[in-house]
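Everything below concerns the one structure shown next.
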2 protein chains.
Amino acid sequence: MQHDAWSPPPVLLTVDLVILTLRDGHLHVLLVERGEDPFRGMSALPGGFLNHDGEEILDAAHRELSEETALTSSWVHLEQLGVYGEADRDPRGRVVSVAHLAIAPGLPEPVAGTDASDAAWVPAHAVLSGKVEVAFDHRRIATDGIEHARTKLEFSSLATAFCGAEFTIAELQQVYEAVWGTALDTRNFYRKVQAAKGFIVPLGTDRRSTGGRPAQLYRAGPKTVLFPPLIRPAPPAAEENMRGEEE
Amino acid sequence: MQHDAWSPPPVLLTVDLVILTLRDGHLHVLLVERGEDPFRGMSALPGGFLNHDGEEILDAAHRELSEETALTSSWVHLEQLGVYGEADRDPRGRVVSVAHLAIAPGLPEPVAGTDASDAAWVPAHAVLSGKVEVAFDHRRIATDGIEHARTKLEFSSLATAFCGAEFTIAELQQVYEAVWGTALDTRNFYRKVQAAKGFIVPLGTDRRSTGGRPAQLYRAGPKTVLFPPLIRPAPPAAEENMRGEEE
DNA sequence: TGAATAGTGTCTGTGAGACAGTATAGG
DNA sequence: CCTATACTGTCTCACAGACACTATTCA
């Protein structure tokens, strides 16, 4: 942190958001259509520059989030993901982006932000697979964000952020299945979420009917870290290479 | 990432390093004595501003690392930790720091860097407990870095970065014990590290004598993520509150 | 042969996955 | 009573922690 008399080179700081939600049982990412150069007309993650008046980075992320989704801070999970600052990532010059991960309960419809021409929920697999082109290094950022969410579902109560204030265990299971992209055994899932004390707490005998037996309602519990964790099933690996990546 | 005609406020970017190593069986952090204002004479994490010529953030971290420890990039683990950009964290103005975590094998002696008056290995607990005062928000950064390393030891082969190219299982166990601050059962440790295929690979029948039976030498294996992981023993909790933090 | 370090084998309980049936509502 | 959804109980196996002894070198 020490410095000499020479003035260090200033950079421009932006905040970019990987906003995830569940729509019809599938994981979606919010993308906006860029209304300005560079990459005008192309899809990109929502985000923007810091305000002038010494705005905090996290505050800027909250601001962008509410501009894009009309979501209040409550019931939204927001955390820092990492810095993306490669020198050539933005043709305008040295622009360093602080990426954030936001998790929101299913939202009715996207809201066009002030800066963006249009906003839309895009299936996560379309972004991951490259079927949808995105500006800058935003595919990388989105990929990192989704993987971060997948991992964090195992060890934290992050999944409840995809649900509203009240939810059933079946809904919670759908969250895990959608984010992980795998089917889970209902009985084992019930056992495990209830074994992790402090994860979810039952709301009296409340219920909600959809044509079958009413379901118990739960809300998020006080615990942030899950113990025991809900380990993600290993994807079918090519024999003797179970889980574990080469260097 | 969209922007208007107004020019966004530039910020100054620094790179700060949490460099960890093992010395006489204890975890140590490298601190430098600041030679410049602000906080002149106080301890701080090594770091500095980006160079002018479009230097990459990771390159800057490598540069600071070698300036401070005379360590080549090889055998050093270096990864991004996070961004620390609170508006009032630096009295000079808006200075945003990209913190990095570096893990190095035991180094003989610290090397005074170009910018720092002095550099010294400080026991991690002295920094965590607050016994050593550090400048800026560097205690927070160091705390986050150490916790990150502790967690990552469970699921990745990071521990081998604390060792040289060749090491014994006993040495590897000392790494885990020092970083986690707990004693481990030798027999279970042997079983687990050998069960995680690709973690360590034996080097023929090489050996090294220190007065007892020669030990098998190993080197780091190709796998980066450990499966099964080496779960950190839960610290003795106050009954019925085993692992899991309040919100 | 004694000291010092390296390495191994077993038992037991808990948790994870596989699996099938019961319970309660609306029509 | 049929359908649709919510929930529960058991068995088995693999892994984790606790624990004690054997192996190899040097002085």
Side-chain angles (χ1 to χ4, degrees), chain A residues 25 153-155 163 166-177 180 182-197 199-218 226-237 240 242-244, chain B residues 25 153-155 163 166-177 180 182-197 199-218 226-237 240 242-244:
Chain A
L153 239 55
E154 299 186 88
F155 305 101
C163 305
E166 303 179 344
F167 51 87
T168 68
I169 294 187
E171 288 167 356
L172 194 62
Q173 183 180 347
Q174 285 169 25
V175 170
Y176 276 89
E177 293 184 326
W180 286 348
T182 58
L184 298 177
D185 184 278
T186 305
R187 306 167 286 233
N188 294 335
F189 187 79
Y190 269 73
R191 183 182 0 114
K192 281 152 91 167
V193 294
Q194 289 175 336
K197 281 183 182 170
F199 182 18
I200 56 175
V201 299
L203 289 175
T205 47
D206 295 341
R207 57 184 62 191
R208 196 184 332 185
S209 24
T210 53
R213 170 176 170 179
Q216 275 281 353
L217 284 178
Y218 294 82
L226 254 45
F227 191 81
L230 277 79
I231 301 298
R232 163 168 41 158
E240 199 58 15
M242 287 186 41
R243 206 153 187 172
Chain B
L153 239 55
E154 298 187 89
F155 304 101
C163 306
E166 304 179 343
F167 51 87
T168 67
I169 296 188
E171 287 167 358
L172 194 61
Q173 182 180 347
Q174 286 168 23
V175 170
Y176 277 89
E177 292 184 326
W180 285 347
T182 57
L184 298 177
D185 184 278
T186 305
R187 306 165 286 231
N188 294 337
F189 187 79
Y190 269 73
R191 188 192 342 125
K192 282 153 91 166
V193 295
Q194 287 174 335
K197 282 182 180 171
F199 182 19
I200 56 175
V201 299
L203 289 175
T205 47
D206 294 342
R207 58 186 63 188
R208 198 185 328 183
S209 25
T210 52
R213 170 176 171 179
Q216 276 281 352
L217 283 177
Y218 293 83
L226 254 44
F227 189 82
L230 279 77
I231 302 298
R232 161 169 39 159
E240 198 58 15
M242 288 187 39
R243 207 154 183 167

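Letters go in sequence order (proteins before strands), and every chain restarts at 1.
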Atom CZ of A:F227 to atom C1' of C:dG15: distance rounded to whole Å?
10 Å
Could a donor-acceptor pair under 3.5 angstrom be found where the side chain of A:R191 meets the base of C:dG17?
yes
Any donor-acceptor pair under 3.5 Å linking the side chain of B:Q173 with the backbone of B:L184?
yes
CZ of B:F189 versus P of C:dT5: gap in Å, rounded?
18 Å
Atom CD1 of B:I231 and atom C1' of C:dG15: how far apart are they, to the nearest Å?
13 Å
Could you check whether the side chain of B:R187 and the base of D:dA18 have a donor-acceptor pair of N or O atoms closer than 3.5 Å, going by distance alone?
no
Which residue lies toward the 5' end of DNA chain D, B:P228 or B:G212, if each is placed at its nearest nucleotide?
B:P228
Atom CG of B:L217 to atom P of C:dG7: distance rounded to whole Å?
9 Å
Expressed as a whole number of angstroms, how long is the span from A:E171:CD to D:dT5:P?
13 Å
Of the listed nucleotides (C:dA23, C:dA16, C:dA6), which one gets closest to any side-chain atom of B:A215?
C:dA6
Would you kindly compare B:D185 and B:T168 by the position of their nearest DNA chain C nucleotide and give the one closer to the 5′ end?
B:T168
To the nearest angstrom, the NZ-P distance between A:K192 and D:dT8 comes to 17 Å
Among C:dT8, C:dG7, D:dC7, which is the nearest nucleotide to the side chain of B:Q194?
C:dT8
Minimum side-chain heavy-atom gap A:L153-A:L230 below 4.5 Å
no
Can you tell me the distance, in whole Å, between the CZ atom of A:R213 and the P atom of D:dA6?
10 Å
B:Y190 side chain N/O closer than 4.0 Å to the phosphate oxygens (OP1, OP2) of C:dG7?
yes
Residue whose closest nucleotide on DNA chain C lies nearer the 5' end, A:P229 versus B:I169:
B:I169
Checking C:dA6, C:dC19, C:dA23 against the side chain of A:N188 (C-beta onward), the nearest is C:dC19
N/O donor-acceptor pair under 3.5 Å between B:E154 side chain and B:R232 backbone
yes
Within the 4.5 Å heavy-atom criterion, are B:Y218 and B:E171 side-chain neighbours or not?
no
Between B:L230 (CG) and D:dG17 (P), how many Å, whole number?
9 Å
Hey, what's the ring geometry for B:F155 with A:F155, parallel, tilted or perpendicular (30° and 60° as the breaks)?
tilted
